[in-house]
Amino acid sequence: MPPIIRVEEIAKYSGQEVTVQGWVYSRTDKGKLVFLVVRDGSGFVQCVAFKGDLPEALFDQLTRLPQESSVIISGAVREDKRAPGIPGGYEIGVKEIKIVQTAAEDYPMALKEHGVDFALDNRHLWIRMPSQWAILRIRGTVISAIREWFELNGFINMDTPILTPAAVEGTSTLFETEYFDEGKAYLSQSGQLYNEANIMAFGKVYCFGPTFRAEKSKTRRHLTEFWMVEPEIAFCDLDGLMEIEEQFVTHIVKRVLRDRGPELKSLGRDLAKLDKIEPPFPRISYDEAAKVIQELYEKETDPDKKELLKFEWGMDFGAPHEAALTNRYEKPVFVYGYPTQVKAFYMEPWPDRPEVCKSVDLLAPEGCGEIIGGSERMSNPELLLQRIHEHGLPEAAYKWYLDLRRYGSVPHSGFGMGLERTVAWICGIEHIREAIAFPRMIKRVYP
RNA sequence: UCCUCGCUAGCUCAACGGCAGAGCGGGCGGCUGUUAACCGCUAGGUUCGAGGUUCAAAUCCUCGGCGAGGAGCCA
């Protein structure tokens with residue numbers, strides 16, 4: 001048997017005999033000719049069988065081979081512009097084929113459009129389709145690029161607990177579970193507070209894991225279980241944080257462009273838009289952003305759209321505001337200096353402006369909205385304790401957190417980036433449920 | 001939680017008060033360059049559920065279920 005290759009590297013084997021192991025994605029038979037598009041996990045390649053090249057019984061079997069049958073195919077690779085596939089442009093002339101299993105004939109994911117509910121009920125099969133496969137391959141590369149950038153920049157991976165005690169941040173709704181004799185434990189909504197402890201030991205750290213939110217958010221930008229990467233940096237202020245964020249995001253985009261071009265193209269993504277992602281990213285203050293939104297509100301003539309843009313200083317931005325803001329830029333845009341009242345208790349106040357804090361969100365272009373939320377953390381122990389009281393949080397639960405400000409407190413900053421939102425932006429897809437293999441949403445825990 | 005929309009063949013949809021239909025997918029047959037091929041034949045239905053109006057309901061009404069889009073909520 002010729003050497004087993006991966007379809008993503010097929011161009012290297014032009015003119016050579018190879019073997020691919022995979023599944024029949026589609027079949028078109030045309031008399032004495034059968035076209036099989038075979039996917040092997042790394043790509044999709046067309047295999048062409050001529051009746052004269054194969055034993056009659058085997059060829060006959062091929063003409064009725066059901067979609068998703070598993071096969072091992074050997075033959076010569078040849079360049080052919082007509083050949084579909086990912087990356088495409090090459091095909092295999094079938095010399096030998098072993099049918100590992102003939103798939104059942106009632107495969108539900110016919111090669112056509114499907115409704116959302118049906119597709120999600122069949123997510124375990126949907127991920128085999130080129131679009132979903134491409135998105136999840138890109139997700140894998142984004143994860144790899146994230147870890148790579150941290151490795152290259154002196155960060156250490158220090159994962160934080162997923163089971164956490166009550167009221168760590170006191171804001172969002174958490175999933176709860178019984179925890180032996182200790183009462184309730186909650187699924188983590190952030191590793192940040194633990195990361196603040198970690199940096200005082202390790203300087204620069206990041207955690208990267210699943211995050212849970214029990215809010216009944218029903219939008220294209222929310223999952224109940226999603227992945228968040230959270231770096232935290234000692235001796236870093238808000239400006240330093242923004243520099244890190246733009247370097248980090250740029251690195252991720254460049255890696256995806258380098259390694260996942262065929263996948264992006266198969267999704268119909270406009271690569272020119274991603275090519276423009278380079279530091280520096282525009283930075284605007286919350287005050288400026290509020291003014292811009294007010295102006296857009298005044299100019300809007302459609303009464304429904306106008307209502308959605310309604311805004312006054314002190315509010316957090318909703319999805320329509322974010323979209324209106326980011327549509328003005330080709331790059332992700334930093335919005336910094338949010339009102340203290342809409343942000344978490346631990347953010348450093350703006351000097352001489354206590355109503356504003358040193359927070360920064362990064363909003364992705366093309367209407368995607370927030371992909372990163374971050375801030376400079378409060379380093380003054382007295383003020384921090386006051387904020388904990390103001391927010392009605394139990395002081396005892398924060399004893400360890402307050403300790404961090406007593407024993408060598410330093411200016412420090414960090415952020416959290418939502419993986420699925422980032423993948424959705426890079427892929428140019430509408431809904432983040434497609435950016436994770438098995439999405440968890442309010443109405444769905446199956447499959 | 002609110003607003004809007006939807007639920008008919010495996011899938012995507014049509015029929016909108018008068019015989020339950022099409023395309024795709026499946027099966028059988030044909031075709032040596034297909035790209036979600038094409039051509040012929042064929043199988044496939046508790047029209048989401050319950051109740052009501054009517055000579056007659058997939059269609060109209062009421063209630064319920066499920067889902068989607070948006071808003072809100074949400075480091």
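Reminder, nothing fancy here: chain letters follow the sequence lines and each chain counts from 1. FYI, side chains are in, hydrogens and waters are out, and symmetry mates aren't considered; it's all heavy atoms of this structure.
Rounded to whole Å, the distance from CG on A:Leu111 to P on B:C24 is 13 Å. Rounded to whole Å, the distance from CZ on A:Phe50 to P on B:G33 is 8 Å. Atom pair A:Glu307:CD and B:U4:C1' shows a separation of 16 Å (rounding to whole Å applied). Following rounding to the nearest Å, A:Leu223 (CG) and B:C73 (C1') show an atom-to-atom distance of 16 Å. A straight line from NZ of A:Lys310 to P of B:A71 spans 17 Å, rounded to a whole angstrom. Computed from coordinates, the A:Phe317 CZ to B:A71 C1' distance equals 18 Å when rounded to whole Å. One atom, CE of A:Met109, and another, C1' of B:C24, lie 14 Å apart when rounded to the nearest Å. Protein atom CG of A:Leu308 is 13 Å distant from nucleotide atom C1' of B:G69, rounded to whole Å.
The A:Glu91 side chain lies nearest to B:G33 when the options are B:G33, B:C73, B:A71. For A:Pro84, whose side chain is taken as the heavy atoms from C-beta onward, the closest listed nucleotide among B:G33, B:U34, B:G72 is B:U34. With B:A36, B:C73, B:G27 as the candidates, the nucleotide lying closest to the side chain of A:Glu105 is B:G27. For A:Arg64, whose side chain is taken as the heavy atoms from C-beta onward, the closest listed nucleotide among B:C28, B:C73, B:A71 is B:C28. For A:His222, taking side-chain heavy atoms from C-beta onward, the closest of the listed nucleotides B:C74, B:G25, B:U32 is B:C74.
Below the 3.5 angstrom threshold, one finds no donor paired with an acceptor across the side chain of A:Lys216 and the base of B:C73.
Two rings, from A:Phe317 and A:Tyr338, have their centers less than 6.0 Å apart. Residues A:Phe155 and A:Phe248 place their aromatic rings such that the two centres sit no closer than 6.0 Å. A ring-centre distance under 6.0 Å is found for A:Trp400 and A:Tyr194.
A salt bridge does not link A:Glu300 to A:Lys305: none of the charged nitrogens lies less than 4.0 Å from a carboxylate oxygen. Between A:Arg444 and A:Asp121 a salt bridge is recorded (basic side-chain N to carboxylate O distance below 4.0 Å). Under a 4.0 Å N-O distance rule, the pair A:Glu105/A:Arg64 does not qualify as a salt bridge.
Across all strands shown, A:Pro66 has no heavy atoms under 4.0 Å from either base or sugar-phosphate atoms. A:Arg78 comes within contact range of at least one nucleobase, with a heavy-atom separation under 4.0 Å. Counting non-hydrogen atoms under 4.0 angstrom, A:Ser375 reaches nothing in the nucleic acid. Using a 4.0 Å heavy-atom cutoff across all strands shown, A:Glu230 reaches at least one base atom of the nucleic acid. Within 4.0 Å of A:Arg82, counting heavy atoms only, lies at least one base atom of the nucleic acid. If you check every strand for non-hydrogen atoms under 4.0 Å, A:Lys51 touches nothing. Base contact: A:Met228 has a heavy atom under 4.0 Å from a base atom.
One C1' atom belongs to B:G65, the other to B:G49, and the distance between them is 7 Å to the nearest Å. Atom P of B:A71 sits at a distance of 35 Å from the matching atom of B:G10, rounded to the whole Å. Across B:G33 and B:C38, the matching P atoms stand 16 Å from one another, rounded to whole Å. B:A57 and B:A15 have their C1' atoms separated by 13 Å, with the value rounded to a whole Å. Here, B:U8 and B:C48 have their C1' atoms 10 Å apart, quoted to the whole Å. Atom P of B:U53 sits at a distance of 15 Å from the matching atom of B:U59, rounded to the whole Å. Rounded to the nearest Å, the gap between the P atom of B:U54 and that of B:G27 is 49 Å. Rounded to a whole angstrom, the distance from the C1' atom of B:A56 to that of B:U42 is 33 Å.
Looking at A:Arg128 and A:Glu68, their side chains come closer than 4.5 Å, going by heavy atoms from C-beta outward. No side-chain heavy atom of A:Asn153 sits under 4.5 Å from any side-chain heavy atom of A:Gln247. At least one side-chain heavy atom of A:Phe281 sits under 4.5 Å from a side-chain heavy atom of A:Val249.
Residues of residues 429-447 of chain A having a heavy atom closer than 4.0 Å to RNA chain B, listed by number: A:His431, A:Arg433, A:Lys443. A heavy atom lying under 4.0 Å from RNA chain B marks the following residues of residues 113-135 of chain A, by number: A:Glu113, A:His114, A:Gly115, A:Asp117, A:Phe118. The stretch residues 262-271 of chain A does not touch RNA chain B, since none of its heavy atoms comes less than 4.0 Å from the strand. Shown for residues 29-40 of chain A: residues whose heavy atoms fall under 4.0 angstrom of RNA chain B, namely A:Asp29, A:Lys30, A:Gly31, A:Lys32, A:Leu33, A:Phe35.
By the neighbour-count criterion of 12 heavy atoms within 6.0 Å, atom CD of A:Glu312 is sparsely surrounded, having that number or fewer from other residues, nucleotides or ligands. The number of heavy-atom neighbours closer than 6.0 Å to NZ of A:Lys216, taken from other residues, nucleotides and ligands shown, is 12 or below. In the displayed structure, A:Glu56 atom CD is contacted under 6.0 Å by at most 12 heavy atoms of other residues, nucleotides or ligands. Residue-environment remark: CZ (A:Phe235) stays at or below the threshold of 12 foreign heavy atoms within 6.0 Å.
Comparing A:Asp316 and A:Val48 along RNA chain B, the residue whose closest nucleotide (by nearest heavy atom) sits nearer the 5' end is A:Val48.
The salt bridge (charged side-chain N to carboxylate O under 4.0 Å, His left out) test with A:Arg221 singles out one residue from A:Glu370, A:Glu322, A:Glu420, A:Glu430, and that residue is A:Glu322.
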Strand RNA chain B in bracket notation, Watson-Crick/G-U under 3.5 Å with | for pairs to another chain: (((((((..((((....[..)))).(((((.......))))).....(((((..]....))))))))))))....
Trace of the ring-ring contact (aromatic ring centres under 6.0 Å, His included) decision for A:Phe345 with A:Tyr398: CA-CA 12 Å; A:Phe345 72 92; A:Tyr398 292 89; 5.5 Å; yes
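Here the closest non-hydrogen pair linking A:Ser409 and A:Arg405 is CB-O, 3.4 Å. Contact record, A:Arg6 with A:Ser42: NH2-CB, 3.3 Å, taken as the closest heavy-atom pair.
The backbone N or O of A:Ala11 lies less than 3.5 Å from no partner atom in the side chain of A:Ser14, so there is not a single donor-acceptor pair.
Not counting sequence neighbours, the partners of A:Trp133 by the ring pair (Phe, Tyr, Trp, His ring centres under 6.0 Å) test are A:Phe44.
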